[in-house]
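Below, read A as the first sequence line, B as the second, and so on, with proteins coming before strands; counting in each chain starts at 1.
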2 protein chains.
Amino acid sequence: MYVMAEPKTKRGQIRRAKILAAAETVMGDQGFSAASIAEITRLADTALGTFYVYFTSKEQVFRELVLEMGRITRAIVGEAISDAPDRLSAERAGLEAFLRFVAERPQLYRIVEEARFVDPEAYRDYFWHFGQAYTLGLREAQKRGEISAGDPEVRAYALMGISKALGDRYVLWEETPDIERVVEEAHKMICHGLAP
Amino acid sequence: MYVMAEPKTKRGQIRRAKILAAAETVMGDQGFSAASIAEITRLADTALGTFYVYFTSKEQVFRELVLEMGRITRAIVGEAISDAPDRLSAERAGLEAFLRFVAERPQLYRIVEEARFVDPEAYRDYFWHFGQAYTLGLREAQKRGEISAGDPEVRAYALMGISKALGDRYVLWEETPDIERVVEEAHKMICHGLAP
DNA sequence: CTGAAACCTGAATCATTATTCATGTATGTC
DNA sequence: GACATACATGAATAATGATTCAGGTTTCAG
């Protein structure tokens with residue numbers, strides 16, 4: 001997928017950023033196919049044709065948004081777990097940070113999920129990257145004896161799945177999410193499992 | 001959403017079923033928007049217009065497929081766990097059955113996930129229904145002392161999330177999935193958690 | 001100041017497809 | 001075997017919206 005060169009002037013950079021932000025809003029709210037370039041440029045106070053000065057296609061802005069979401073999510077979760085004293089605390093902090101992020105920017109979250117259909121490669125890359133880092137974190141925690149033995153990659157994906165499902169059910173589907181409570185309950189299960 | 005009456009004659013029932021099956025294939029392979037009615041009817045050896053004898057719109061066949069998927073998944077998982085001796089065994093059997101189902105009918109799985117965007121109500125109903133049953137099963141297992149105490153609904157969604165994530169990573173993204181191994185590893189974590 | 005590069009414009013193009021419809025053909029009942 | 005109902009057809013309709021383009025305007029280095 002061909003990508004345009006960076007804008008050379010200040011004005012150009014601002015314009016491009018405005019269009020990208022508008023695309024986030026419109027695509028996040030309405031989904032990829034319902035989002036029209038016309039509406040994106042309208043929201044960005046820009047002429048329709050200007051869109052194609054900065055992006056080669058509708059698909060390309062979308063991909064850009066998915067990449068941005070990857071960077072943001074990793075930054076937010078990474079930050080949240082960075083000063084946890086041990087891995088179990090890190091799991092709790094990471095889950096909580098993720099759920100709060102979903103609550104604050106549901107559009108970005110939606111875009112990543114839609115990427116599964118619009119741009120499967122970007123979607124896969126997103127989780128692959130995240131999964132790699134997650135796996136590594138668990139493997140090292142295991143070496144340090146902070147968690148029990150077990151395949152770190154399977155665990156990483158299982159834990160990502162928990163976050164996503166709880167985000168859907170308790171953040172997106174709920175008027176007033178009680179994130180604290182959900183994190184608490186989930187964390188108990190993550191630490192000790194279901195066995196009596 | 002208006003739904004057509006059932007076909008009255010044998011011929012009609014067969015034709016309708018043929019179109020529905022073709023829709024499953026085409027929509028499952030290409031996704032909702034890339035799937036064209038023309039291709040669906042071509043695959044069903046049927047004239048284009050005949051589609052509208054049986055379905056009111058493209059959206060409506062899609063919904064029909066989502067509902068069908070709901071019935072099938074519940075049947076398959078329900079069957080798998082029905083003769084488990086206790087809840088922890090049931091969790092293992094259910095996870096394994098789900099992963100095998102994803103491996104066998106990836107198109108249907110894809111359709112449900114796409115419903116999140118194409119028909120959010122159907123998507124929500126699907127998980128709501130499943131979540132209700134799952135929660136109930138966990139609550140009763142807890143009463144019987146087969147699992148430890150904890151919010152059964154949060155646990156239900158967490159467990160569904162695990163299944164979905166492992167389905168993505170180890171079934172859809174893998175040439176030759178080793179379902180047995182993944183189930184084994186995940187089940188250890190589900191039973192005992194990460195705590196050392 | 002000035003010219004070239006960069007940026008901006010929005011009407012026109014172009015392609016795609018869901019849906020309709022007017023006109024047949026089959027089915028089953030009497 | 002005739003009639004009504006149900007089913008089948010595919011060309012025509014109609015709407016949509018992504019992308020292009022031919023010509024302006026702004027920026028900024030020299």
Self-check item: side-chain hydrogen bond (donor to acceptor under 3.5 Å, both in side chains) involving A/Glu79 - partner list, sequence neighbours excluded
Solution: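 So A/Glu79 forms no side-chain hydrogen bond (donor to acceptor under 3.5 Å, both in side chains) with any residue.
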Self-check item: Any residue meeting side-chain hydrogen bond (donor to acceptor under 3.5 Å, both in side chains) with A/Thr50, in chain and number order, not counting sequence neighbours
Solution: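 None.
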Below 3.5 Å between N/O atoms, which protein atoms pair up with nucleotides 24-27 of chain D? Just atom names and distances, please.
none

Contacts under 3.5 angstrom, residues 185-196 of chain B side chains, donor-acceptor by atom type, not counting sequence neighbours:
{"unit_1": "B/Glu185", "atom_1": "OE1", "unit_2": "A/Asp151", "atom_2": "N", "d": "3.0"}
{"unit_1": "B/His187", "atom_1": "NE2", "unit_2": "B/Leu88", "atom_2": "O", "d": "2.8"}

Length of the [atom1]-[atom2] vector between [X] and [N], whole Å:
X       : N      : atom1 : atom2 : answer
B/Asp45 : D/dC7  : CG    : P     : 19 Å
B/Arg16 : D/dA6  : CZ    : P     : 16 Å
A/Arg42 : C/dT9  : CZ    : C1'   : 16 Å
A/Phe55 : D/dT20 : CZ    : C1'   : 18 Å

Please tabulate, one pair per line, each protein N/O and nucleotide N/O from nucleotides 15-19 of chain C that are separated by under 3.5 Å, including the distance.
{"unit_1": "C/dA18", "atom_1": "OP1", "unit_2": "B/Ala35", "atom_2": "O", "d": "3.4"}
{"unit_1": "C/dA18", "atom_1": "OP1", "unit_2": "B/Lys58", "atom_2": "NZ", "d": "3.0"}
{"unit_1": "C/dA18", "atom_1": "OP2", "unit_2": "B/Ile37", "atom_2": "N", "d": "2.8"}
{"unit_1": "C/dT19", "atom_1": "OP2", "unit_2": "B/Tyr52", "atom_2": "OH", "d": "2.9"}
{"unit_1": "C/dT19", "atom_1": "OP2", "unit_2": "B/Lys58", "atom_2": "N", "d": "3.0"}
{"unit_1": "C/dT19", "atom_1": "O5'", "unit_2": "B/Tyr52", "atom_2": "OH", "d": "3.4"}

[X]/[Y] ion pair, N-O < 4.0 Å:
X        : Y        : result
A/Arg105 : A/Glu24  : yes
A/Glu153 : B/Arg169 : yes
B/Arg116 : A/Glu114 : no
A/Lys164 : A/Glu113 : yes

Practice problem: Respond yes when some side-chain nitrogen or oxygen of B/Arg15 is under 4.0 Å from OP1 or OP2 of D/dT9, and no when none is. | Solution: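 True: B/Arg15 side-chain N/O within range (under 4.0 Å) of D/dT9 OP1/OP2.
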Practice problem: Measure the angle between the two terminal helix axes of the helix from C/dC1-D/dG30 to C/dC30-D/dG1, five base pairs each, and quote it to 10°. | Solution: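 Between the axes fitted at each end of the helix from C/dC1-D/dG30 to C/dC30-D/dG1 lies an angle of 20°.
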Practice problem: Answer yes or no: is there a side-chain heavy-atom contact under 4.5 Å between A/Tyr170 and A/Ile179? | Solution: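 Heavy-atom side-chain distance check fails, nothing below 4.5 Å.
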Quiz item: B/Lys8 side chain: which of D/dA6, C/dC8, D/dT9 is closest?
Solution: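 Closest nucleotide to the B/Lys8 side chain: D/dA6.
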Quiz item: CZ of B/Phe62 to OG of B/Ser57: how many Å apart, nearest 0.5 Å?
Solution: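 It is 11.5 Å, given to the nearest 0.5 Å.
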Quiz item: Contact class for B/Tyr54 vs. all strands (heavy atom < 4.0 Å): base, sugar-phosphate, or nothing?
Solution: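 Sugar-phosphate only.
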